[in-house]
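The structure appears below as C-alpha cells.
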Amino acid sequence: MRRLFAVCQKELQAYLWTPTTYFALAVYMLLTGLLFYTNFVMYQPSILDYRLVLGDTLSMLVFVVPLLTMRLVAEEFRQGTDELLLTSPVSVTEMIVGKFLASLGMLLILVLCSLAYPVVMSFYGALDWTLVFTSVIGLFMLGAAMMAIGLFASTLSQHQMMSAVVSFIILLVFWMLDSFGGQTGASAALQQWLEPFSLTARFDSFTKGLLNGADVLYYVTVAGLFLLFSIQVVERKRWR
Amino acid sequence: MKKWLGHTNSVVLSVAAVGIFILLTLFLRSLGGFQLDLTAGKQYTLSDQTLTAIQGVKEDVRLIAFTVSTSQNQKLNRDVTDMLREYAKRNSKLKVEQYDLNQEPLLAKEYGVTEASIVLVQGEKKRVIDIGSLFTQAQGSSEGAYQFTGEEKLTSGLLGLSSTRQGKAVFLTGHEEIPLSQMTGLSNSLAQDNVKTEEVQLNQAGSVPKDASVLAIVGPQRDISATELKSIRTYLEGGGKLFLALGFHPNMQSDWKNLDALAADYGVKDTHAIVVDQEQTNTLGPLFTVPTFGSHAITDKLAASNLYPVLSLSIALQAGEQKNWKTTALLKSSAASYGETNIQGLLNNETQKDDKDPQGPLDLGYAVDGKDGKPKAIILGTSALLSDTEISTGGNRDFVLNSLNYVQEQSDGLTIRPRQEQDYKVVYLTPAQAKIILTLSVIGLPMLFAAAGILLWWRRRRA
C-alpha cells in the first residue's frame, strides 16, 4: 500500500508540475464556461436548474480525459522507465492503481472547478443543492470510469498522441452506445441491448437526485474492468 | 512455454472479466428500483400499486411519448419522460420511445394522436393519455407550483391494457341528442377503458340491448315517448344503469314530461332553471359554471387534484327524499348563483333574479345509488361537456369518464397521490450581471489556469 501511494504521489506531482495540465484545465474551463454562459445567460429568462447546464458541459470530458491520461503509462514506455518500474519492488497492480488514484486527484480538481457554475447560479436564486450534490457525485463516478479507460489507452502505445486518440475513440463509443440503432424494429432491439452499457444513459439518475445502485456499480465495474485490462497489458511486457 | 502460459492466463482473465461485467450490468439493471431517492418530494419513488402493476406486465409494452418542445414546456416534458423511464427501469418488458409530435406527424397519426400524448401499445391494444391532462395548477401554494398526476394515469393505463373486463355504453338517439359522431373524444376514451359505444333508436330497436352496461341519454332536445320510457324502465328495472345528461332547450319546462318522469324515478327533480353564476365562473361569463364538488367516489380524486369541470348552460336539479335510492350531489354552483326560470328573458339577455328563481348553491348533478350501495344512475343538468368541443376543457373528460365508469361499476379505485412540483425558477439578468458572469466564467477562470500553466512553463524553462 505504501508503494501504491508513493506511485500516486509521484504521479500527482507530475500532474501538478506539468504546464500541459493547466492548459488542459484552462481549455476545459473555457469550453464549459462558454456552454454555461450560452445556456444560462444568452436565453432569457435564465433557468435556475443545474441539470440543464451540466448536460452540455458533460461532453467536454470526452476531450479532456484523454489529454489528462495519455501521459500516464505511455510516457514510461517512451522514456524506458517502465523497465525500472517492472524490475522494482512495485507490482504492476500497485503501479496502475497508483496512477489511477493520481488521475482521480486530477478529476477531483476538475469536478470542484465545475462547481463554480452552480455557485454562480446560486447568487441569482435558490438552487436545489440536493440535485447539485448528486450530480457532482455522478460527475465524479463517470469521470473515474473515463479516467480508467484513458489509463488503459495509455498502456497501449508509447506515443502519447496515439494513446489520446485511442482513448477518445473508446470513450466516444461508450458515450454513444445508447444512440446507436433506431427506435423501431431490429435496431431498437439492438439499442435495447446496448443502452445499459452507455456511459451517458447511466448519468441521468444522478442529475435527477437519485443514487441508483445499478448506475453506481456500473461505473465502478467499468473502472475495475479497464484497470484490469491495463494491468494485463503491462504484465505482458514481463513475458516478452 | 512460460511466455505462452502467461499470455493465455491474461486472455482468459480478461475474457472472464468482460463476461462478468456484462452479466453484472444486465443483472443490476433488472433490479431497477435499487435506488436512493434524495429529491425533496420523493419524486421518483413509485407507489406500491404502481410497482405491482409494473411487475404484472408480462408482454412487451411500448410507452411512446409524443411531446411538443417549446421553451415553456421543457420541464413538463422532462417530468413525463423521467416518469416513463422510472417505469421502464423496473420491468424490461416496458420500452420507452420519445418523439417530437411536430417532427413525426405521420407516426402520431398512426396512433390517432394530434396533441402531446403518451401512447401505451401492447400488441393490438393501445391506450392514449393526453399529456395536458397530467398537469394541473396547484392551488394555495407558491407561484409556479403544479401537480403532476402522471403516475396515476399511467398506472391506470397499464392496468387497463391487461384488463379483460368489457362494457358497452348504448347512446339513445332519435330526440336530437348529441350524436356519437360529435363525441369522438369520449368514445375513444371509453374504448381505452374497454367500453364499446353504440347508438340505439328505441322506436326501431324496440328495447335497450340486453348487454348494455349503461344507457346514456345525452342532451335530448325532444322528449322521449311513453313507449320509449316504458322500454327504458324495463331495462333499468332489469338491472340496467342510466346516464342522463340533460341539455338546455327553450321549451324544456313544457316539453320534457317523460324525461322529467325518468329522472323523478330516482328522486331527482328537474327545476328547468338555468344556472347563472357570477362567482364560480370562467372568463366566458355567468352561464359557464365551474362547480365545486360534493363528496363522492367520482369526485374525491378530482377535487384532490383540483381538476374541475367547466359546465355551460346547466340546469339546476333538486333531490328529494327517496325510499329506494340514495342521491349524492356531485356538482354545486356557488352560493351567489341563482337559477333563471325566465328562459325567454335569458335568451334575450335579460337575466335578473326574481322571486321565482331558486337561490344558489344549486345542485347540477347527482349520483344515484341503490340501498345496497350499488350505483344505479348518474343524472346531470348539463350535457355539452361530453361533446368534442368541450370534452378537453378543464376536468370535463375526467369527470365524465369517472361518472360513466362508476355507474358501470368499472371503477378500479386507483388513487395515487399527485406529485407537487415546482416549475423552473427563472431570473431575469441585467446586462451588468451578464457581463460579470461572462468575465468570471468565460474569461476569469480559464485565464487563471492558463496563467498558472504559463508561470510553470516559464519557471521550468528558467530552471
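Sequence lines set the chain letters: A, B, ... in the order given, protein chains first and strands last, and positions in each chain run from 1.
Scanning both residues, B:Val442 and A:Leu34, for their nearest heavy atoms gives CG1-CD2, 3.7 Å. Between A:Ala26 and B:Pro446, the shortest heavy-atom contact is CB-O, 3.4 Å. What you find for B:Gly453 and A:Phe23 is that their closest heavy atoms are C-CZ, 3.8 Å.
Going from atom CD1 of A:Ile137 over to atom CG of B:Leu38 covers 8.0 Å, rounded to the nearest 0.5 Å. With rounding to the nearest 0.5 Å, the separation of CD1 in B:Ile437 from OG in A:Ser46 is 6.5 Å.
At least one side-chain heavy atom of A:Leu210 sits less than 4.5 Å from a side-chain heavy atom of B:Glu86. Residues A:Lys208 and B:Gln35 form no side-chain contact, since every pair of their non-hydrogen atoms from C-beta on lies 4.5 Å or further apart. Residues B:Lys89 and A:Asn212 have side chains in contact (heavy-atom distance under 4.5 Å, counting atoms from C-beta outward). Side-chain contact between A:Phe229 and B:Val18: present, with at least one pair of heavy atoms (C-beta onward) separated by less than 4.5 Å. When side chains are defined from C-beta on, A:Phe40 does not count as touching B:Ser441, because their heavy atoms never get closer than 4.5 Å. Between A:Tyr218 and B:Phe21, some side-chain heavy-atom pair lies under the 4.5 Å cut-off.
Of the atoms belonging to A:Tyr124, heavy atoms from both backbone and side chain fall under 4.5 Å from chain B. Residue A:Leu30 touches chain B through both its backbone and its side chain, counting heavy-atom pairs closer than 4.5 Å. Interface remark: B:Ile22 contributes backbone and side-chain atoms alike to the contact with chain A (heavy atom separation under 4.5 Å).
With B:Arg85 contributing its side chain and A:Ser205 its backbone, the two residues share no donor-acceptor pair below 3.5 Å.
Within 6.0 Å of the CZ atom in A:Phe133, the count of heavy atoms belonging to other residues, nucleotides or ligands does not exceed 12. The neighbour count for B:Glu59 CD, taken as heavy atoms of other residues, nucleotides or ligands under 6.0 Å away, does not exceed 12. Environment of CH2 in B:Trp458: sparse, with no more than 12 heavy atoms of neighbouring residues, nucleotides or ligands closer than 6.0 Å.
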- Query: Between B:Arg78 and A:Asp49, does a salt bridge (Lys or Arg N to Asp or Glu O under 4.0 Å) hold up when you go through it step by step?
  - Reply: CA-CA 13 Å; B:Arg78 203 170 77 184; A:Asp49 189 333; 3.0 Å; yes
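In terms of heavy-atom pairs under 4.5 Å with chain A, the best-connected choice from B:Leu13, B:Val427, B:Leu455 is B:Val427. The candidate with the highest count of non-hydrogen atom pairs below 4.5 Å against chain A, out of B:Asp37, B:Leu445, B:Leu438, is B:Leu438. Note: B:Asp82 leads B:Leu24, B:Asp82, B:Thr39 in heavy-atom pairs under 4.5 Å with chain A. Chosen from A:Leu48, A:Val27, A:Thr130, the residue pairing most often with chain B at heavy-atom distances under 4.5 Å is A:Leu48. Comparing B:Arg459, B:Met447, B:Arg460 by how many heavy-atom pairs each has under 4.5 Å with chain A, the most go to B:Arg460.
Using a 4.5 Å heavy-atom cut-off against chain A, the contacting residues of residues 429-436 of chain B are B:Leu429, B:Gln433, B:Ala434.
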Determine all donor-acceptor pairs shorter than 3.5 Å in which one atom belongs to a side chain in residues 138-146 of chain A; sequence neighbours excluded.
none

